[in-house]
Amino acid sequence: MKTAHWVLLLATPFLSSVCAAQARTVNVAIDTSKTGAPISKYLYGQFLEHIGNIVNEGVWSEMLEDRKFYYPVSSKAPDQPSAPAWRRRGPLRHWTPIGGDEFVTMDSDHRYTGDHTPQIQLDGKEPRGIEQPGLAVRKGRAYTGRIVLAGSPGAMVKVTLVWGREASDRQTVTIRVPGTAYQKFPLRFEAQGDNDDGRLEIAGTGAGAFHVGAVSLMPASNIEGFRAEVIAALKQLHSGVYRFPGGNFVSAYEWRYAIGDPDKRPPIYDPVWHAVQPNDVGTDEFLTLCRLLGVDPYITVNAGFGDAWSAAELVEYTNGAVTTPMGKWRAANGHPQPYHVKLWGI
């Protein structure tokens, strides 16, 4: 009881002073003829991190999951890490065989990127291949992409976007496989119906076999690979700076895996957020995003599993002249001018 009395005695004068302060009238005068120093644009910014699929599905326009086949193609869903619903734009999707599991094998000897590439054996009769459902398509909208193929000369591959149950609810691009060397082929579709569970089919006929090295599908309205509606929303934030790529994620991030030909970048398993990363959004894509939004880039180097040598090479890749080894590599990747990134984090 003594403790309670002491608390009450101490609180009483405090409450009295608060009440007295609240009763006072405060007059404020604003002198508009005087100005202060401008507020730094770096006071407000954004943080872009590969937390699961937040970047791949939230900012980037790619519609397909596992487009470079980290997981084996099977009628059984792969053992993949579960992600909270707030990290994803839609349900987990995966590739399944067309015509039976026995016609699809994962080839490690003639792989395109990563550890393996699906090889589809043809029987000369029924179409054999792979498909992925769960694609949201809208009537009147165009979708573009590409597919990397190799296989027996003369094999015919049909890539089909399906948006309904009727035989007419589809559009097909037909490709004759030229040979065993991988080649890229463009894709373009225009949906004639709405469906939240559309699908992409890749099926071949003829003799022999064919490989699917990589495949991509995006809304044609994308802006240099980014979702147009997201770019419009982010512009309204008027941020001064964007930070990339992490966060926890950067501690296991190998920046070299995420530059160059996007289809050749290997998909890797991220041990920090327990998710597969296709490495489609890397340093060059981040700097493209900063240019589109008119913000300054702030790049964090890997001080977890990384080292000072790799960090220095990343600085040279972004800022070095084309006469430097990394600057020459950047130019070969289609970006001859240095980015002049000034803000760095460790």
Side-chain angles (χ1 to χ4, degrees), residues 53 55-57 59-71 73 93-95 98 104 107 110-114 116-120 127 129-137 141-153 155-163 170-191 198-204 209-228 257-267 276-282 284-285 288 332-335:
N53 258 356
V55 172
N56 301 320
E57 294 187 343
V59 183
W60 196 239
S61 289
E62 182 59 56
M63 298 170 62
L64 299 172
E65 293 273 1
D66 196 18
R67 72 179 195 87
K68 288 174 276 191
F69 308 103
Y70 177 89
Y71 293 108
V73 177
R93 304 186 303 275
H94 66 281
W95 295 98
I98 298 175
V104 183
D107 189 350
H110 191 40
R111 63 185 183 271
Y112 183 71
T113 190
H116 49 216
T117 294
Q119 173 182 278
I120 295 92
I130 59 177
E131 64 180 359
Q132 185 174 129
L135 307 181
V137 296
R141 294 188 183 179
Y143 300 90
T144 58
R146 60 194 178 276
I147 188 169
V148 181
L149 295 171
S152 302
M156 193 74 71
V157 175
K158 293 184 176 182
V159 186
T160 304
L161 180 64
V162 182
W163 56 80
R170 59 183 59 214
Q171 186 177 355
T172 299
V173 175
T174 302
I175 303 166
R176 184 178 294 276
V177 180
T180 56
Y182 284 104
Q183 293 191 36
K184 291 187 182 184
F185 301 91
L187 302 173
R188 184 176 177 85
F189 308 97
E190 186 170 324
R199 69 181 184 275
L200 190 73
E201 298 178 351
I202 305 169
F210 71 97
H211 291 72
V212 184
V215 60
S216 175
L217 188 68
M218 293 184 176
S221 61
N222 77 82
I223 301 176
E224 299 189 52
F226 292 96
R227 296 173 61 188
Y257 287 166
I259 60 173
D261 182 350
D263 296 328
K264 291 292 288 184
R265 301 176 191 179
V276 173
Q277 290 296 335
N279 283 313
D280 286 344
V281 180
D284 291 306
E285 286 74 24
T288 296
N333 291 335
H335 306 278

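Counting begins at 1 with the first residue of the sequence. Only this structure's heavy atoms are used, side chains among them; waters, hydrogens and symmetry mates stay out.
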Student: Counting only heavy atoms not in Lys264, do more than 12 sit closer than 6.0 Å to its NZ atom?
Tutor: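 Correct, the count exceeds 12.
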
Student: Kindly indicate whether the side chain of Leu64, heavy atoms from C-beta on, has any atom under 4.5 Å from the side chain of Gln132.
Tutor: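 When only atoms from C-beta onward are counted, Gln132 and Leu64 do touch, with a gap below 4.5 Å.
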
Student: Any non-hydrogen side-chain atom of Val148 less than 4.5 Å from a side-chain atom of Val212?
Tutor: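 Val148 does not reach Val212 side chain to side chain.
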
Student: Is Arg67 salt-bridged to Glu65, cutoff N-O under 4.0 Å?
Tutor: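 No, this pair does not count.
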
Student: Look up atom CE in Met156 and atom CZ in Arg176, then write down how far apart they are to the nearest 0.5 Å.
Tutor: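 That separation rounds to 3.5 Å.
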
Student: Val73 and Pro118: which non-hydrogen atoms are nearest, and at how many Å?
Tutor: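 The answer is CG2-CB, 4.1 Å.
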
Student: To the nearest 0.5 Å, how far apart are NE2 in His116 and CZ in Arg111?
Tutor: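 Those atoms lie 10.0 Å apart.
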
Student: Check Tyr143 against Ala191 and note the closest heavy-atom contact, atom names and distance.
Tutor: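 That closest heavy-atom pairing would be CE1-CB, 4.1 Å.
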
Student: What pair of heavy atoms forms the shortest contact from Pro267 to Gly114, and how long is it?
Tutor: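 Shortest heavy-atom contact: CD-CA, 4.1 Å.
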
Student: Quiz question: by atom type and distance under 3.5 Å, do the side chains of Glu62 and Ser216 form a donor-acceptor pair?
Tutor: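 Checked: Glu62/Ser216 side chains pair up, N/O donor to acceptor below 3.5 Å.
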
Student: Using the side chain to side chain donor-acceptor pair (under 3.5 Å) rule, collect all pairs that involve residues 177-187, keeping only residues at least two apart or in two chains.
Tutor: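 Output for this query lists Lys184-Asp261, Lys184-Asp263.
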
Student: Any side-chain heavy atom of Val177 sitting closer than 4.5 Å to one from Pro153?
Tutor: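 A side-chain contact under 4.5 Å is absent here.
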
Student: Strictly distance-based, threshold 3.5 Å: is any side-chain N or O of Asp107 a donor or acceptor partner for the main-chain N or O of Gln119?
Tutor: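 Answer holds: no.
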
Student: How long is the straight-line distance from CD of Gln171 back to CG of Leu161, given to the nearest 0.5 Å?
Tutor: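 Leu161 CG to Gln171 CD: 7.5 Å, rounded to 0.5 Å.
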
Student: Kindly compute the distance separating CG (Leu135) from CE (Met63), expressed to the nearest 0.5 Å.
Tutor: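 Interatomic distance, Leu135 CG to Met63 CE, rounded to 0.5 Å: 5.0 Å.
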
Student: Can you find a side-chain donor-acceptor pair between Asp66 and His94 that sits under 3.5 Å?
Tutor: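 Result is no, nothing qualifies.
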
Student: Evaluate whether atom CZ of Phe185 has more than 12 neighbouring non-hydrogen atoms of other residues, nucleotides or ligands under 6.0 angstrom away.
Tutor: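 Yes, because the 6.0 Å sphere around CZ of Phe185 holds more than 12 heavy atoms from other groups.
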
Student: Nearest 0.5 Å, please: how far is CH2 in Trp163 from CZ in Arg170?
Tutor: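 Between Arg170 CZ and Trp163 CH2, I get 9.0 Å after rounding to 0.5 Å.
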
Student: For Phe69, check ring pair (Phe, Tyr, Trp, His ring centres under 6.0 Å) against everything at least two apart and list the hits.
Tutor: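 Checked Phe69 against ring pair (Phe, Tyr, Trp, His ring centres under 6.0 Å); matches are Trp95.
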
Student: Are Glu201 and Ile98 close enough that some pair of their side-chain heavy atoms sits under 4.5 Å apart?
Tutor: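 Side chain of Glu201 against side chain of Ile98, heavy atoms only: contact under 4.5 Å found.
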
Student: Donor-acceptor pair, Lys68 side chain versus Arg265 backbone, under 3.5 Å?
Tutor: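 The answer is yes, because a donor-acceptor pair under 3.5 Å joins these two groups.
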
Student: How close do Ala142 and Arg188 get, counting heavy atoms only, and between which atoms?
Tutor: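 Heavy atoms only, the tightest pair is CB-NH2, 3.5 Å.
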
Student: First locate atom OH of Tyr257, then atom CD of Gln277, and finally report the distance between them rounded to the nearest 0.5 Å.
Tutor: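 Reported value, rounded in 0.5 Å steps: 14.0 Å.
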
Student: Is the closest side-chain heavy-atom distance between Ile147 and Ile175 below 4.5 Å?
Tutor: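 In short, these two side chains touch, coming nearer than 4.5 Å.
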
Student: Do Ser61 side-chain atoms and Asn222 backbone N/O form a donor-acceptor pair below 3.5 Å?
Tutor: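 Not a single qualifying donor-acceptor pair exists.
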
Student: Could you tell me whether the side chain of Ile130 reaches within less than 4.5 Å of the side chain of Val104, counting heavy atoms only?
Tutor: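 The answer is yes, as the side chains (C-beta and beyond) meet within the 4.5 Å cut-off.
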
Student: Check the pair Thr172, Phe189 against side-chain contact (heavy atoms from CB on, under 4.5 Å), reporting the backbone distance first and the verdict last.
Tutor: CA-CA 8 Å; Thr172 299; Phe189 308 97; 5.9 Å; no

Student: Decide yes or no for Leu187 and Thr144: does some side-chain heavy atom of the first lie under 4.5 Å from some side-chain heavy atom of the second?
Tutor: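 No. Closest side-chain heavy atoms not under 4.5 Å.
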
